[in-house]
Chemist: 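Have a look at this one.
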Amino acid sequence: MTRTEALSRRTLLKGVGAAIALPLLDAMAPSVAQAASRGASAYPTRMAFLFVPNGVIGDTWTPATQGPNITLPPSLEPLKSVKDDLLVLSRLAQNQGQFNVAGDHARGTSCFLTGVRPTLSQGADIHLGVSVDQIAAKHVGDRTRLASLELGTQSGKDAGSCDSGYSCAYSSNISWRTPTTPMSKEVNPRLVFERLFGNGDPAEMARSQGERNHNRKSILDYALEDANQLRGQLGKHDREKLDEYLYSVRDVEKRATAMPLAGPNGRPLLSQKPEGIPEDYAEHVRAMCDLLVLAFQSDSTRISTFMLGLAGDNRSYRAIGVPEGHHELSHHSGDGEKIAKIRKIDRYNVTLLAYLLEQMKATKEGDGTLLDHSMVLYGSELGDGNRHSHDDLPVLLAGRANGAFKTGRHIQYSKDTPLCNLFLTMLDRMGATVPSMGDSTGPLKGLDA
């Protein structure tokens, strides 16, 4: 290969059971230049949606002032390193979650990305709407190996009744391919890794995994021949970038495929979770975030959702001194001690968001970063968990979406502005323009001002 030849954007490192996509390299510049000459961005725009349950405590979440140069309130202080890449959007609502019967967590979670009120189905005959991520996937999902990637920390159930008669499917999913078909999420980092870097041949992947387990080898060991051949075709900067990327892939694989602890007789402890699922919540979330970064960096997908918890999740946060359940605490009835503990949970989850955004910002793409070329939404199904309110939701939007958004600001909208208006704008930036979705009334204004 001569220096005048270009690598395809779809170049893969192949091995037994492996198909490792590459990040964008300088050697791909001719194809990048061709894209720019057609008026397209040299880098694809990615979108991710992160969901946390039970709302937040608003007075330590919402900045005191609007516009630029905001002071981050205590719950958002962990985002100070990416403050200039952030939009705080207040007073957005998903009022389809509001109804005159119980089940606010299930309704709010299911309509979070759909803007459609779910059918009260007593656990059967579910009916909702198509979520924003899947609308995007239908328009641009064929441009990547995976149309979308659904992640979570808890599996949940898709059958039975979970919240005041609402189907468990509503509590367990935020991504919906059709009004009756949720997109099941993957909670095991190992299985996510295999999906991203397996070659799609089930028999070959199974054989490769068996060999790797037996010989304690990495998936990269089976692709090193391809990698070494490729290095000889690259310039110094590309070789460094490739090595950094492969190091990241190997590091994530090591963490995602960690063996369970062994007991005194050398056998795995039966009380341990399956391989690849960390016991520690923060470690689990960070592993999924690293996989999400690799998925976007390698252009394996451009669309992802990540549920950090199920609807009404009652997880305890002992690592930060909160042994009580989150949902239990959210019904604080004004108790100052409980409110203080929820604030600690709000801030803790934001530190995990900061981890993802910092990894994306550290991933260089041309003259920018992966975060520059993405839009990452973080939010909850409720505004105030104590009141079960579906207005003034906690919504953060990070990334510039290839220059479409002017970040580093707090924007306060009129009361009850539909969250789906934001989704219309995000879809447009993905090249998936639709006239409406859910309860939208038009694109959200002011993001590019």
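Just so it is clear, the structure is predicted and the values come from calculations on it, not from any experiment. Only this structure's heavy atoms are used, side chains among them; waters, hydrogens and symmetry mates stay out.
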Chemist: For residues C289 and L352, report the shortest heavy-atom separation together with the two atoms involved.
Modeler: SG-O, 4.3 Å
Chemist: Assess the side chains of H326 and N54: does a donor N or O sit below 3.5 Å from an acceptor N or O?
Modeler: yes
Chemist: Kindly indicate, with the supporting measurements, whether the criterion side-chain hydrogen bond (donor to acceptor under 3.5 Å, both in side chains) is fulfilled by D133 and S175.
Modeler: CA-CA 7 Å; D133 61 303; S175 178; 2.6 Å; yes
Chemist: Give the intermediate values and the outcome of side-chain contact (heavy atoms from CB on, under 4.5 Å) for residues C420 and M437.
Modeler: CA-CA 7 Å; C420 285; M437 69 159 290; 4.2 Å; yes
Chemist: Y378 vs W61 aromatic rings, parallel, tilted or perpendicular, using cut-offs 30° and 60°?
Modeler: parallel
Chemist: Are D163 and R107 within salt-bridge range, i.e. N to O under 4.0 Å?
Modeler: no
Chemist: Counting C-beta onward and ignoring hydrogens, is there a side-chain heavy-atom pair between P179 and V130 closer than 4.5 Å?
Modeler: yes
Chemist: To the nearest 0.5 Å, how far apart are CG in D84 and CG in L79?
Modeler: 12.0 Å
Chemist: Would you indicate whether the side-chain heavy atoms of M430 and H139 approach each other to under 4.5 Å?
Modeler: no
Chemist: Roughly how far, to the nearest 0.5 Å, is the CD1 atom of I20 from the CD atom of E253?
Modeler: 8.0 Å
Chemist: Give me the atom names and distance for the closest heavy-atom approach of Y245 to P23.
Modeler: CD2-CD, 3.4 Å
Chemist: Once you round to the nearest 0.5 Å, how far does CG of N188 lie from OG1 of T153?
Modeler: 12.5 Å
Chemist: If you look at every heavy atom in H237 and D26, which pair is closest and at what distance?
Modeler: ND1-OD2, 3.1 Å
Chemist: Do we see a donor-acceptor contact under 3.5 Å between the side chains of Q297 and T363?
Modeler: no
Chemist: Compare all side-chain heavy atoms of E324 with those of K338 and state whether any distance is below 4.5 angstrom.
Modeler: no
Chemist: Apply side-chain contact (heavy atoms from CB on, under 4.5 Å) to residues K236 and K241 and explain how you reach the verdict.
Modeler: CA-CA 9 Å; K236 180 176 182 293; K241 190 170 185 178; over 6 Å; no
Chemist: Could you go through the ring pair (Phe, Tyr, Trp, His ring centres under 6.0 Å) check for Y281 and Y317 one step at a time?
Modeler: CA-CA 9 Å; Y281 167 67; Y317 289 77; 5.6 Å; yes
Chemist: Using only heavy-atom distances, determine whether the side chains of T425 and D428 contain a donor-acceptor pair under 3.5 Å.
Modeler: no
Chemist: Specify whether F197 and F193 have parallel, tilted or perpendicular ring planes, treating 30° as the upper limit for parallel and 60° as the lower limit for perpendicular.
Modeler: tilted
Chemist: How about H390 and D104: does a side-chain donor come under 3.5 Å of a side-chain acceptor?
Modeler: yes
Chemist: Looking at D221 and R250, does any basic side-chain N land under 4.0 Å from a carboxylate oxygen?
Modeler: yes
Chemist: Do the side chains of T305 and L151 get nearer than 4.5 Å, heavy atoms only?
Modeler: no
Chemist: Given side chains that start at C-beta, do those of L396 and L353 come closer than 4.5 Å, heavy atoms only?
Modeler: yes
Chemist: Is the distance between the ring centroids of F112 and F51 under 6.0 Å?
Modeler: yes
Chemist: State the CG-CG distance between L377 and L113, to the nearest 0.5 angstrom.
Modeler: 7.5 Å
Chemist: Can you find a pair of side-chain heavy atoms, one from L12 and one from L22, that are under 4.5 Å apart?
Modeler: no
Chemist: For a quick check under 3.5 Å, do Y355 and D290 share a side-chain donor-acceptor pair by atom type?
Modeler: yes
Chemist: Going by atom types alone, do N173 and D158 pair a side-chain donor with an acceptor below 3.5 Å?
Modeler: yes
Chemist: More than 12 non-hydrogen atoms from neighbouring residues, nucleotides or ligands closer than 6.0 Å to CG on D142, yes or no?
Modeler: yes
Chemist: Is a side-chain N or O of K185 found less than 3.5 angstrom from the main chain of F306, in a donor-acceptor match?
Modeler: no
Chemist: To check you understand the geometry: which heavy-atom pair defines the closest contact between A227 and L242, and what is its length?
Modeler: O-CD2, 4.4 Å
Chemist: Checking side-chain polar atoms at under 3.5 Å, does H373 have a donor or acceptor matched by the opposite partner on E365?
Modeler: yes
Chemist: Could you grab the distance from atom CG of L224 to atom CD1 of I219, nearest 0.5 Å is fine?
Modeler: 11.5 Å
Chemist: Please check this pair: side chain of R318 against backbone of S316, looking for a donor-acceptor N/O pair closer than 3.5 Å.
Modeler: no
Chemist: Show your working on salt bridge (Lys or Arg N to Asp or Glu O under 4.0 Å) between R347 and E77 and close with a plain yes or no.
Modeler: CA-CA 8 Å; R347 183 183 175 103; E77 283 177 353; 2.9 Å; yes
Chemist: Flag the pair I126 / P118 as yes when at least one side-chain heavy-atom distance between them is below 4.5 Å, and no otherwise.
Modeler: no
Chemist: Heavy atoms, side chains only, cut-off 4.5 Å: are P189 and H284 in contact?
Modeler: yes
Chemist: Establish, from distance only, whether the side-chain atoms of D85 and T407 form a donor-acceptor pair under 3.5 Å.
Modeler: no
Chemist: Is it the case that atom CD in E283 sees more than 12 heavy atoms from other parts of the structure closer than 6.0 Å?
Modeler: yes
Chemist: Please determine whether side-chain contact (heavy atoms from CB on, under 4.5 Å) holds for the pair N402 and D372, giving the CA-CA distance in whole Å, both sets of side-chain angles, and the decisive distance to 0.1 Å.
Modeler: CA-CA 6 Å; N402 271 306; D372 290 332; over 6 Å; no
Chemist: Can you tell me how far the CZ atom of R400 sits from the CZ atom of R429, to the nearest 0.5 Å?
Modeler: 15.0 Å
Chemist: Looking at M375 and M426, what are the two nearest heavy atoms and their distance?
Modeler: CE-O, 3.1 Å
Chemist: Would L308 and N349 satisfy side-chain contact (heavy atoms from CB on, under 4.5 Å), going step by step from the backbone distance to the final call?
Modeler: CA-CA 9 Å; L308 276 69; N349 280 321; 4.3 Å; yes
Chemist: Are Q134 and S148 close enough that a side-chain donor and a side-chain acceptor fall under 3.5 Å?
Modeler: yes
Chemist: Please name the pair of heavy atoms, one in L146 and one in L149, separated by the smallest distance, quoted to 0.1 Å.
Modeler: CD1-CD1, 4.5 Å
Chemist: Are the charged groups of D226 and K14 less than 4.0 angstrom apart, N to O?
Modeler: no
